[in-house]
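A short write-up of the structure that comes next.
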Amino acid sequence: MTVGFIGLGIMGEPMARNLARAGTDLIVWNRSPEKAEHLREAGARVAPEVAAVFAEARIVILMLLHEAAVDAVLGRHTAELAKLVEGRIIVQMGTLSPEYSRALETDIRASGGRYVEAPVSGSRVPAESGQLVAMLAGEPEAIAEVTRLLAPMCHERVLCGAVPGALLTKLSVNIFLITMVTGLVEAFHFAARHGLDVSTVIDVLNSGPMASNLSVMKLAKLQTSDFDAQASIVDVLKNNRLIAEAARSAGVASPLLDVCHALFAETLELGHGSADMIAVLRAIEAHDVSGHVSAAG
């Protein structure tokens, strides 16, 4: 069975590469064609246009940045949608609005297709190693067809009921992610401003009950001033906005997240939108009232 993959960004490229390396008959497309060349080297076929992916694949995975990109690829709100999705399973793996996903499922099913919502937990490094966690929502029969297919990308696949249960689960998880990393960066900054040996502080954090794969990785990046994006400020800010919108629509308070939202927005304004989320350090530094220089540079 041929599988299609559309969207080869920070996450999509390593995800698709893992599929290809696992022997999946894969056909890919990306708006920027040069990004698809790595997939050709891994054994995938590169489609010249979006329609060629749907012409060959019965299951098409979308890993696109935002809702407008999904609409454009699918030809949503036009007759093209039915031509592309009829008889196919569309697996939407990006982090989008739950309300949007619910409406997209309705449109795809009305056009003769099936829809699986499958956002993932994890950033670029877990994507590269196939250690993402997929959250799956949709019709059980469609999920059953998709679950095993995702194994080379996602070491865990968790059922989350009906759409948009998977995206709401992802947003819940991201509240913890965003607030945890922001707190970790602030702790690092606090230690550095007090002239502590940050290596000692990191050793304590990495040895204690709060340590995780993520905290170890982010602390190593902070220590070496490595701001290469695993999850960028822009992407985290988008996730933060989606969570805030979902919280407001349900009348749910999110006070910690609201503080983080402001800090990440400030980081973007300072010109660090493409940097890793640990660049929120720059916004925290901007709030300092002393003239000391951070050990992080």
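Heavy atoms only, all atoms of each residue included: I284 and H189 are closest at CG2-CD2, 3.4 Å. Here the closest non-hydrogen pair linking A142 and V116 is CB-CG2, 3.7 Å. In this structure, A247 and S254 approach most closely via the heavy-atom pair CB-OG, 4.1 Å. Nearest heavy atoms, G12 versus M63: CA-CG, 3.9 Å. Nearest heavy-atom pair, V91 versus A118, reported as atom, atom and distance to 0.1 Å: CG1-CB, 3.9 Å. Looking at every heavy atom in both residues, A211 comes nearest to L205 through CB-O, 3.4 Å.
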Applying side chain to side chain contact (heavy atoms under 4.5 Å, CB included) to M135 and S121, what does each step give before you reach the verdict? CA-CA 8 Å; M135 292 148 277; S121 180; 3.9 Å; yes
Going through the checks in order, is the side chain to side chain contact (heavy atoms under 4.5 Å, CB included) test met by T267 and V236? CA-CA 11 Å; T267 309; V236 173; over 6 Å; no
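Residue pairs meeting the salt bridge (Lys or Arg N to Asp or Glu O under 4.0 Å) criterion with at least one partner in residues 1-15, sequence neighbours excluded, are E13-R17. A side chain to side chain donor-acceptor pair (under 3.5 Å) check over residues 82-95, counting only residues at least two apart or in different chains, returns the pairs T95-K170. Under the salt bridge (Lys or Arg N to Asp or Glu O under 4.0 Å) criterion, the residue pairs touching residues 249-273 are R248-D258, with sequence neighbours excluded. The salt bridge (Lys or Arg N to Asp or Glu O under 4.0 Å) analysis of residues 213-227, with sequence neighbours excluded, yields the pairs K218-D276, K221-D226. Applying the side chain to side chain donor-acceptor pair (under 3.5 Å) test to every pair with at least one member in residues 123-135, sequence neighbours left out, gives these pairs: R124-D228.
By the criterion of side-chain heavy atoms lying less than 4.5 angstrom apart, applied directly or through intervening Ile, Leu, Val, Met, Phe, Trp or Tyr residues, I89 is grouped together with M153 in one hydrophobic cluster. L256 and V280 fall into different hydrophobic clusters, defined by Ile, Leu, Val, Met, Phe, Trp and Tyr side-chain heavy atoms under 4.5 Å apart, directly or through other members. In the hydrophobic clustering of ILVMFWY residues, with side-chain heavy atoms under 4.5 Å counting as a link, M217 and M277 come out together.
Remark: D235 CG to L65 CG distance equals 7.0 Å, nearest 0.5 Å. In this structure, the separation between CG on L136 and SG on C154 is 8.0 Å, given to the nearest 0.5 Å. Note: M11 CE to Q230 CD = 10.5 Å, rounded to the nearest 0.5 Å. Going from atom CG of L8 over to atom CE of M15 covers 10.5 Å, rounded to the nearest 0.5 Å. How far NE2 of H272 is from CD1 of I233: 8.5 Å, rounded to the nearest 0.5 Å. Atoms CD and CG, on E156 and L150 in that order, are 12.5 Å from each other to the nearest 0.5 Å.
Residue L64 shares its hydrophobic cluster (ILVMFWY side chains chained together at separations under 4.5 Å) with I6, I27, W29, V50, V53, F54, V60, L62, V70, V73, L74, L81, L84, V85, I90, L96, Y100, L104, I108, Y115, V163.
Between V201 and the options L196, L219, N206, a side chain to side chain contact (heavy atoms under 4.5 Å, CB included) holds for only L196.
Annotation: H155, atom NE2; neighbour count of heavy atoms from other residues, nucleotides and ligands within 6.0 Å is above 12. Residue R31 qualifies as open at atom CZ: its count of foreign heavy atoms under 6.0 Å is 12 or below. Counting heavy-atom neighbours within 6.0 Å of N213 CG, excluding the residue itself, gives a total of 12 or less.
Between the side chains of E80 and T78, not a single donor N or O lies within less than 3.5 Å of an accepting N or O. Looking at E117 and S101, their side chains do bring a donor and an acceptor atom within 3.5 Å of each other.
F190 pairs by the ring-ring contact (aromatic ring centres under 6.0 Å, His included) definition with H194, not counting sequence neighbours. Looking at residues two or more places apart in sequence or on another chain, you find a salt bridge (charged side-chain N to carboxylate O under 4.0 Å, His left out) between R58 and E145. For D203, the salt bridge (charged side-chain N to carboxylate O under 4.0 Å, His left out) test picks out no residue, with sequence neighbours left out. Remark: D71 engages R76 in a salt bridge (charged side-chain N to carboxylate O under 4.0 Å, His left out) (not counting sequence neighbours). In this structure R102 satisfies the salt bridge (charged side-chain N to carboxylate O under 4.0 Å, His left out) test with no other residue, sequence neighbours excluded.
In this structure the side chain of R21 never reaches within 4.5 angstrom of the side chain of P152, judged on heavy atoms.
The closest donor-acceptor contact from the side chain of S111 to the backbone of G113 lies at 3.5 Å or more, if one exists at all.
A salt bridge links E139 with R109: the distance from a Lys NZ or Arg NE/NH1/NH2 to an Asp or Glu carboxylate oxygen falls below 4.0 Å.
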Mind listing the side-chain donor-acceptor pairs of residues 175-184 below 3.5 Å, one per line with the distance, residues two or more places apart or on another chain?
residue, atom, partner, partner atom, Å
T179, OG1, I175, O, 2.7
T179, OG1, F176, O, 3.3
T182, OG1, I178, O, 2.7

